[in-house]
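Treat the numbers as computed from the prediction; the structure is a model and nothing was measured.
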Amino acid sequence: MIDRIPIIHLDSRVPALLSLVVRPLAVTLGRHIFVRRGVIATARLLRHEAVHVAQFAELGWIRFFWLYVTDWIRAWLALRDRRAAYRAIRLEQEARALEDLEDREVPWEFVIVERAPRGWQAFDLPPRP
């Protein structure tokens with residue numbers, strides 16, 4: 001199950017790159033959690049993002065992104081509000097519902113990368129251990 005252990009990248013630029021719709025505190029890509037610069041990685045935030053790690057593992061990259069994007073588009077067409085559309089994404093609703101679990105109920109350990117590398121290296125995913 002090593003492929004499911006989330007790797008946390010603190011002080012990352014990745015969330016800023018992906019903030020066209022909302023300003024996320026963190027972004028999960030596969031098992032990598034990128035926490036935005038200046039954001040404290042609270043237990044609640046990490047539990048929320050750990051749910052996305054599990055969703056990626058269960059659905060795979062293509063199905064995850066397909067569900068995420070199509071849910072957002074459908075909600076945006078109905079609501080015409082990008083933040084409301086974000087809150088309507090089923091994968092986000094599941095993560096929000098599970099972020100309040102007690103720490104003892106979270107089945108993962110985390111690997112933390114203290115600081116993201118500077119320059120263009122900040123946008124590369126590290127190699128798998």
Query - Sub-6.0 Å ring centroid separation between Phe56 and Trp61 - result: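 Yes - the distance between ring centres of Phe56 and Trp61 falls below the 6.0 Å cut-off.
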Heavy-atom closest contact ([X] atom, [Y] atom, distance):
X	Y	answer
Leu29	Val14	CD1-CG1, 4.4 Å
Ile33	Ala50	CD1-N, 4.2 Å
Ala95	Val51	CA-CG1, 3.7 Å
Pro15	Ala26	CG-CA, 4.3 Å
Ala88	Ala75	CB-CB, 3.7 Å
Ala41	Leu10	CB-CD2, 3.8 Å

**Report entry** Side-chain touch Arg87/Arg83, heavy atoms, less than 4.5 angstrom
**Finding:**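 With C-beta onward as the side chain, the pair touches.
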Query raised in the report: Hey, does Asp71 have a side-chain heavy atom less than 4.5 Å from the side chain of Leu91?
Result: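 No, every pair of side-chain atoms sits at 4.5 Å or beyond.
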Are [X] and [Y] connected in the hydrophobic side-chain network, where two residues link if heavy atoms are under 4.5 Å apart?
X	Y	value
Phe64	Trp66	no
Leu79	Ile73	no
Phe34	Phe65	yes

Query raised in the report: Roughly how far, to the nearest 0.5 Å, is CZ of Arg36 from OG of Ser12?
Result: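 One gets 11.0 Å once the value is rounded to the nearest 0.5 Å.
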Query raised in the report: Quick one: OH on Tyr68 to CD1 on Ile89, what's the gap to the nearest 0.5 Å?
Result: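 That separation rounds to 4.0 Å.
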**Report entry** Test applied, side-chain contact (heavy atoms from CB on, under 4.5 Å); reference residue, Glu49; option that passes from Thr28, Val27, Leu25
**Finding:**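 The residue from Thr28, Val27, Leu25 that satisfies side-chain contact (heavy atoms from CB on, under 4.5 Å) with Glu49 turns out to be Thr28.
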Query raised in the report: Checking Arg80 against Trp76: charged group under 6.0 Å from the ring centre and within 45 degrees of the axis?
Result: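 Satisfied, under 6.0 Å and within 45°.
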Query raised in the report: Would you say Ile62 has more than 12 foreign heavy atoms packed within less than 6.0 Å of its CD1?
Result: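 No, because the 6.0 Å sphere around CD1 of Ile62 holds 12 heavy atoms or fewer from other groups.
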**Report entry** Worked check of side chain to side chain contact (heavy atoms under 4.5 Å, CB included) between Arg96 and Glu92
**Finding:** CA-CA 6 Å; Arg96 277 194 305 277; Glu92 287 296 335; 3.5 Å; yes
Query raised in the report: Between Gln55 and His52, does any side-chain donor sit less than 3.5 Å from a side-chain acceptor?
Result: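 Indeed, the side chains of Gln55 and His52 share at least one donor-acceptor pair under 3.5 Å.
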**Report entry** N/O donor-acceptor pair under 3.5 Å between Arg47 side chain and Leu98 backbone
**Finding:**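 Flag not set: sc Arg47 to bb Leu98 has no pair under 3.5 Å.
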